[in-house]
2 protein chains.
Amino acid sequence: MVLAAKHEILRQQLRQDVAELDTHAALPTERELAARYEVSRATVRQALGVLEEAGVVYRVQGAGTFVADRTVSKSLSLTSFSEDMTARGLRPGSRLVVADEIPATAPVAETLRIDVGEPVVRVVRVRLANDAPMCLETVYLVSGRVPGLLGHDLTGSLYELLAERHDIALIRADQVVKAVCVDGADAALLGVAPGSPALQVDRIGLDQRDRPVERTTSLYRADQYDIAFTIRREQP
Amino acid sequence: MVLAAKHEILRQQLRQDVAELDTHAALPTERELAARYEVSRATVRQALGVLEEAGVVYRVQGAGTFVADRTVSKSLSLTSFSEDMTARGLRPGSRLVVADEIPATAPVAETLRIDVGEPVVRVVRVRLANDAPMCLETVYLVSGRVPGLLGHDLTGSLYELLAERHDIALIRADQVVKAVCVDGADAALLGVAPGSPALQVDRIGLDQRDRPVERTTSLYRADQYDIAFTIRREQP
DNA sequence: CAGTGGTCTAGACCACACT
DNA sequence: GTGTGGTCTAGACCACTGG
């Protein structure tokens, strides 16, 4: 039950250690860490590899491992709106606009890998941050995978509902981000003037088996929201 | 000279193998791959780990490794405008607007970790795709690290110039993306009506030693450009 | 030159999926 | 139960950095 892989424990330990070091300070060598925490060097490397990916440390061959410069580096990760707002120090909320079941349209059916006309659950919400509109969000889910969803409270985290009530864990998501201007209807719901800029995020959420679970379109107020993340050179 | 790590060779081989399989088809087991390619299982796992991160395959414990569903999955990676356009099947180009050396302003100095007033090179370009304006780009570089840069041809890839002439490789970048509306001056350069939406990307490019090398602000036409990428659940 | 991270091996046991 | 991926070990050699 308890996932207590050594490299995970070590990773969390190293996270704390790193937090107390200055930027660009050298960590102990891999061999030293292995001896100190009584694990093999391979395990140390596994833990450091995750921290390197996360932008916490960087490694220079022949020189050592060092504390990375944490300025932006909010590594882009799959989070719910609720988690996202909490991380930004804001109080998340919701105003339910629509919650119903409809036949899938062609674009929705295609992204969810079902047939056109199959029933899907649609949830439209105005997401709030400290009670002010932040985002207009439309979610489509395959009805068959979430029986009884519409009977639950839909003002909280949909991700938690999926995980707790339907044993669905979202592991990955494919996203497309673009800039748009919001028109009258959407502008009113977001509480901004027509023609205001917004960040539109289209997302397809996938479970551990790579099956599409949800399709979401989010419209974020440009004056309230931006996306920060770190990118790397790709391996050939 | 040639980096021919076994796991890299294997990774490329597996990329080709995967390309010939159907979506969700199972790959050979790790032990079988190890035997077939005459490497240890650890090496196989190293190669598969990179492919999993890249969204090429997914693994299910106890079940196997499978070909991922490649719909969006243009994994976000650090690329130059030239590479980005080429990947989209467009011909990149540039129109130089400004190329000079100026004292660093406070915000530029802060992101480049230098003192205010230290000389920086500024390059402003309209980036073209098939000869049409796509993006308005402003780059700042620490003058001391790129001597003689202004004497070179600045209409091509700046990244290539940095790599070939100054031995600077950009490994990582911190980015912030937001939606804006472009005003008169910028709108004219981009060839769009004032008030049109645009995607603004602020980037700090870092080298292998985690040192800031460049600070770039890019303004992309919203009607021509979006950003697609895959995100994952974060490790605690 | 010594010391670092990068790569690789051979073998072992565990947790989980599937039948 | 059988077979899969997940974890871990102990040891070895290589490539690179830095004094």
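Keep in mind that what you see is a predicted model, and the values were worked out from it rather than measured. Chain A is the first sequence line, chain B the second, and so forth, proteins listed ahead of strands; every chain is numbered from 1.
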Pairing residues for Thr138(B) by the side-chain contact (heavy atoms from CB on, under 4.5 Å) criterion, not counting sequence neighbours | Arg122(B), Val124(B), Tyr140(B)
Interatomic spacing from CZ in Phe81(A) to CG in Leu158(A) - rounded to 0.5 Å | 13.0 Å
If the plane angle is over 60° it's perpendicular, under 30° parallel, otherwise tilted; pick one for His166(A) and His152(A).
-> perpendicular
How many angstroms lie between CG in Leu48(B) and OG1 in Thr43(B), if you round to the nearest 0.5 Å?
-> 11.0 Å
Pairs meeting criterion salt bridge (charged side-chain N to carboxylate O under 4.0 Å, His left out) with involvement of residues 35-51 of chain A, two or more places apart | Glu30(A)-Arg41(A), Glu30(A)-Arg45(A), Glu32(A)-Arg36(A)
Which nucleotides of nucleotides 4-10 of chain C have their base under 4.0 Å from a protein heavy atom (B), which only their sugar-phosphate (S), and which neither (-), written as one string 5' to 3'?
-> BBBBSB-
Give the dot-bracket string for DNA chain C, reading 5' to 3', where a pair is Watson-Crick or G-U wobble with both distances under 3.5 Å, ( ) marks pairs inside the strand, [ ] marks pairs crossing earlier ones, | marks a partner on another strand, and . marks unpaired.
-> ||||||||||||||||||.
Summary of salt bridge (charged side-chain N to carboxylate O under 4.0 Å, His left out) pairs that have at least one residue in residues 142-167 of chain A, sequence neighbours excluded = Arg145(A)-Asp207(A)
Residue set satisfying side-chain contact (heavy atoms from CB on, under 4.5 Å) with Thr86(B), at least two apart, ordered chain then number -> Pro92(B)
